[in-house]
Amino acid sequence: MNQIILQPTGNKDAKKHYNDTIENPVTIKRIIPFLENRDIDIMKRLYSNSVPVWGVTPGYNLSNRTKWSRVKIGDVCLFAKDNHIFASGVVTHKVHSKNLALELWNKDDSGNTWEYIYFLDEIKNHKIHYKIFNEVVGYAEKYVIRSFSVLDLEKSANVLDNFNLSSSIHIPAPKENEIDDIVKEMDEIDGKSSAITRKEQGYWRKKLFPKGTKKENCA
């Protein structure tokens with residue numbers, strides 16, 4: 001199941017980064033010199049020109065690195081500031097690259113850089129007040145999103161369902177045994193109906209239409 005990532009963007013650095021690499025996506029040509037060959041191949045399949053990019057610093061005692069390690073394809077990042085969630089994006093890939101982070105964002109006042117990077121797609125604008133979000137998640141009414149975090153599966157499911165945030169494009173590929181079941185099921189289709197699940201549809205859609213990003217308004 002996909003997870004929800006909470007990303008506060010209220011401070012000076014975060015506001016600038018959102019403008020520099022989300023509202024104004026980064027060109028593939030600028031990113032490629034800092035990637036390994038495997039990552040280059042993936043990015044070229046996913047994007048034709050530019051890429052919305054975000055990253056986090058290692059954090060105290062590498063706490064952000066630990067959270068970042070849980071992030072996977074299809075997870076939905078929620079950007080928050082001024083007591084509301086104002087945008088979302090779907091994770092397509094991630095890399096650890098200090099040099100790419102330095103290229104995109106330089107360093108913070110403590111000498112750290114945002115080296116735990118993830119790439120996004122399906123950027124959408126929202127206006128979800130914290131009070132409504134907190135009710136859905138089960139947080140206290142006055143809870144404020146102050147740090148990068150990844151919600152557990154139950155909380156993530158509640159958010160995805162209530163705000164209709166799931167992606168039908170960027171979904172992890174089924175495991176080998178699941179693919180066998182898909183092929184078997186497709187062989188049994190009589191031409192009138194299909195029982196292929198949403199997960200499988202998303203997988204094949206991603207395979208057929210791998211390139212391009214789309215920015216939508218969903219206020």
Side-chain angles (χ1 to χ4, degrees), residues 1-26 50-60 63-68 70-94 101 104-105 108-110 112-114 116-171 213-219:
M1 178 184 286
N2 296 332
Q3 304 167 114
I4 289 292
I5 303 163
L6 301 181
Q7 184 61 68
T9 58
N11 65 34
K12 178 187 68 175
D13 286 335
K15 288 178 180 177
K16 185 175 188 306
H17 295 176
Y18 191 87
N19 178 72
D20 290 346
T21 61
I22 299 292
E23 286 189 337
N24 297 284
V26 183
S50 57
V51 187
V53 189
W54 198 258
V56 295
T57 62
Y60 179 73
S63 59
N64 283 349
R65 184 184 72 173
T66 301
K67 297 170 188 175
W68 175 88
R70 295 170 52 201
V71 173
K72 63 184 187 300
I73 295 170
D75 288 351
V76 178
C77 179
L78 302 182
F79 294 96
K81 66 178 180 179
D82 301 331
N83 291 315
H84 74 285
I85 292 161
F86 68 93
S88 68
V90 179
V91 176
T92 61
H93 190 52
K94 66 179 185 178
L104 297 178
W105 306 298
D108 65 14
D109 293 338
S110 299
N112 298 307
T113 192
W114 296 264
Y116 293 94
I117 295 169
Y118 51 96
F119 304 101
L120 298 166
D121 193 6
E122 300 180 83
I123 303 298
K124 299 178 181 179
N125 296 327
H126 301 278
K127 186 73 172 183
I128 304 171
H129 195 278
Y130 280 170
K131 181 179 179 180
I132 298 173
F133 175 80
N134 292 339
E135 288 176 357
V136 169
V137 179
Y139 287 161
E141 181 178 345
K142 295 185 179 180
Y143 176 80
V144 174
I145 299 172
R146 299 185 186 279
S147 62
F148 167 70
S149 60
V150 182
L151 298 186
D152 64 33
L153 293 180
E154 182 179 357
K155 290 183 176 65
S156 294
N158 288 339
V159 174
L160 290 167
D161 290 344
N162 275 272
F163 301 113
N164 192 28
L165 295 171
S166 295
S167 171
S168 61
I169 301 173
H170 302 289
I171 300 175
T213 60
K214 182 178 181 182
K215 184 168 183 177
E216 303 178 24
N217 290 323
C218 188

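Since the model is a prediction, treat every value here as computed from it, not as a measurement.
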Verify the ring-centre separation between Phe148 and Tyr116: is it less than 6.0 angstrom?
-> no
So do Trp114 and Asp13 actually touch side chain to side chain, heavy atoms under 4.5 Å?
-> yes
Inspect the surroundings of CG in Asp109 and state if more than 12 heavy atoms from other residues, nucleotides or ligands are less than 6.0 Å away.
-> no
Compare all side-chain heavy atoms of Ile5 with those of Tyr118 and state whether any distance is below 4.5 angstrom.
-> yes
Candidates Thr9, Leu78, Asn125, Ile128 - the one meeting side-chain contact (heavy atoms from CB on, under 4.5 Å) with Phe86 = Thr9
Indicate yes or no: at least one non-hydrogen side-chain atom of Leu104 is less than 4.5 angstrom from one of Asp20.
-> no
Atom pair CD1 (Ile73) and CG (Asp121), whose distance is rounded to the nearest 0.5 Å | 12.0 Å
How long is the span from the CD1 atom in Ile22 to the NE2 atom in His17, to the nearest 0.5 Å?
-> 11.0 Å
dist Cys77:SG -> Leu165:CG (nearest 0.5 Å) comes out at 11.0 Å
Name all residues meeting the ring pair (Phe, Tyr, Trp, His ring centres under 6.0 Å) criterion together with Phe133; count only those two or more places apart in sequence or in a different chain, and write none if there are none.
-> none
Qualifying residue for side-chain contact (heavy atoms from CB on, under 4.5 Å) with Val91, from Val76, Leu120, Asn2 | Leu120
Would you mind reporting whether Asn158 and Val137 have side-chain heavy atoms less than 4.5 Å apart?
-> no
State, without any angle test, whether Asn134 and Glu141 hold a side-chain donor-acceptor pair at a distance under 3.5 Å.
-> no
Take the angle between the ring planes of Phe119 and His93 and call it parallel below 30°, perpendicular above 60°, tilted in between.
-> parallel
Quick one: does His129's side chain get under 4.5 Å of Asn83's, heavy atoms only?
-> yes
Would you call Asp108 and Thr113 a side-chain contact if the rule is heavy atoms closer than 4.5 Å?
-> no
Say whether, by atom type as modelled, one donor and one acceptor occur between the side chain of Ser50 and the main chain of Pro25 under 3.5 angstrom.
-> no
Check whether any side-chain heavy atom of Lys124 lies under 4.5 Å from a side-chain heavy atom of Ser88, and answer yes or no.
-> yes
